Amino acid sequence: MILLLQGVAWLLDPANWADSATPGLLSQLLGQLGITLASIVVAVVVAVPLGVLIGHTGRGRLVAIVASNAARALPTLGLFSVVVIALTLDPQWLAPVIPLALLGIPPLLAGTYAGIEAVDGQVVDAARAMGMTEWQVLLRVEIPLGAPLIVGGLRAAVLQTVATATLASFYGFTTIGNSILLGPDSNQYIPMIGGSLLVTVLALAIDGLFALLQRSSAPRGVSRGARRTTNAARGRFITSPAGTPISRGN
Amino acid sequence: MAIEFRHVSKTFPDGTTAVEDFSLSIPSHETTVLVGSSGCGKTTLLRMINRMVDPSSGSILIDGEDISGIPPVGLRRRIGYVMQNSGLLPHRTVADNVATVPMLTGVPKRKAREDALALLDRVGLDRGLAKRYPAQLSGGQQQRVGVARGLAVDPNILLMDEPFGAVDPIVRDELQQELLRLQGSLGKTVVFVTHDIDEAFLLGNQVVILQRGGRVAQVGSPKEILANPANDFVADFIGAKRGKRRLTAEAGASGDEVLLVDAAGYAAGVITAPGGRLELATAGSSPKSRSVSNKTDQAGDA
Ligand SMILES: Nc1ncnc2c1ncn2[C@@H]1O[C@H](COP(=O)(O)OP(=O)(O)OP(=O)(O)O)[C@@H](O)[C@H]1O
Ligand SMILES: [Mg+2]
């Protein structure tokens, strides 16, 4: 308890935020966010188009589920070996970004295709029958209606990534891990606790932010104001949705 | 905009043959109703007209042009489509739903919105509903919006797939009358699908009675079909066999009214016969089937 209070006090001390011989908390925080952001961008670039494609065509769902679950099973050990390989990559920043992106991809992929897939098949059918092109169906119907689940996937991916980014300091990248992981070696328990607290607060803040974003991503008309809502608006993040076959016509 | 089916068959990838060797001429500016029990291929036939389904063999022509050569997206934008569950976009307002297709075809937003409001008037909806979302409407209102959307590009062809199937009988009645009124002034080529024979006889200039596999049991005007059912299937389907269409006058009602009963003895309606004498309709007036089929239940189970 005393350590905890000391950790809080340490966090509140401005001197610890400035750089000295080693990077201060501000640099560490920015480093953590930077690595997270880069990793999420890579994950989004890979997972969202793939998830949209799977959700739109209904093809490759099984492959996605298997790949996602496999990726989920490997984290600690797998991540480590990926980092070792990644360390040999040329732009150095790729080293932490690639394994972290790999961590973010499964929830993002699952959220995206689940979101697209959960859109009422009859609505999609009607949109097509009106004369929308496949792109228009995707951009104007499926993505807006699937948005809450897609954002849910993003939320899970960011949360996962921002916490795990701490590990990047093992490999010489400046993150809050600097305070946490270097603590035990030098018996510096107070920075370790302070750093852990900071990571926790950061994760909670980001999660709260995404909770708001997720709520506001529900298109009007299918949000709480409406009497009936679509599955997409009601649903939370689901990892392996029951396959709902799209019924055509009636 | 006449539509012609020539020896059209459709077998789905899973091996189901929904339609086999179907041929039909659909005249322009009239309402043709495809009627038949569930699974007989009505929806499949309808969706072949806007290329939501492509035939496995045979061809479909619109004004003599084979539609297999027309890109589907362009074709669909020229054809109105109204479906049972309205198929409205839940995240768009009523006005935006109606304006969707015109905007796809490049009509400026403002004009499309204004036109949408005029269309709401046309289908008997209050303009005050324009800003609502579909989930905030009743089923009957949603169907009206669906009809307005189907009419939004002023298409020559309007496809309607059981549009009034999911509303209660009173609202259905209203919507049917509204459609008759609209069609009276618009004169579109309407292809209407239903499994309700009364609805078919009420709305159709030409009625096509279908059997499983899209086999045509009989084509004709309601009058022709009622007067001369082509076979037992048709007779059964329209209720003639069970005596539901054969009414006899029964004395006993008050004054100039004569009670009509069907073969089973159920009261079907009354008819005015001053002094006990029935006056026959003259050739000019076209009898509507509704007047003799008030209590006929749905023949879909035939
Ligand atoms: N996409 C599809 N794939 C496989 N079979 C289909 C498909 N669509 C329809 N069918 C089958 O084709 C047959 C005709 O279906 P269709 O939807 O045209 O019937 P319908 O007359 O409209 O029936 P209902 O009155 O129930 O709407 C049915 O046996 C149906 O199961
Ligand atoms: Mg049908």
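Residue numbers start from 1 in every chain, and the chains themselves are labelled A, B, ... in the order their sequence lines are given, proteins ahead of strands. Fair warning: this is a prediction, and the values are worked out from it, not measured in the lab.
For chain A, no part of B:L75 is nearby; none of its heavy atoms comes within less than 4.5 Å. Residue B:R78 does not touch chain A at all, counting heavy-atom pairs closer than 4.5 Å. Contacts between B:T100 and chain A at a heavy-atom distance below 4.5 Å involve the side chain alone, from C-beta outward.
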Exercise for the section: Walk me through it: do B:D154 and B:K188 pass the test salt bridge (Lys or Arg N to Asp or Glu O under 4.0 Å)? Expected result: CA-CA 9 Å; B:D154 197 18; B:K188 305 279 182 201; 2.4 Å; yes

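A salt bridge is defined here as a Lys NZ or Arg NE, NH1 or NH2 lying under 4.0 Å from an Asp or Glu carboxylate O, and B:E199 with B:R172 fails to meet this definition.
For the pair A:E134/A:R128, a side-chain contact is recorded, criterion being any heavy-atom separation below 4.5 Å from C-beta on.
Residue with the most contacts toward chain A among B:M52, B:R92, B:K42: B:M52 (heavy-atom pairs, distance under 4.5 Å).
Judged purely by distance below 3.5 Å, without hydrogens or angles, the side chains of B:D21 and B:S9 never pair a donor atom with an acceptor atom.
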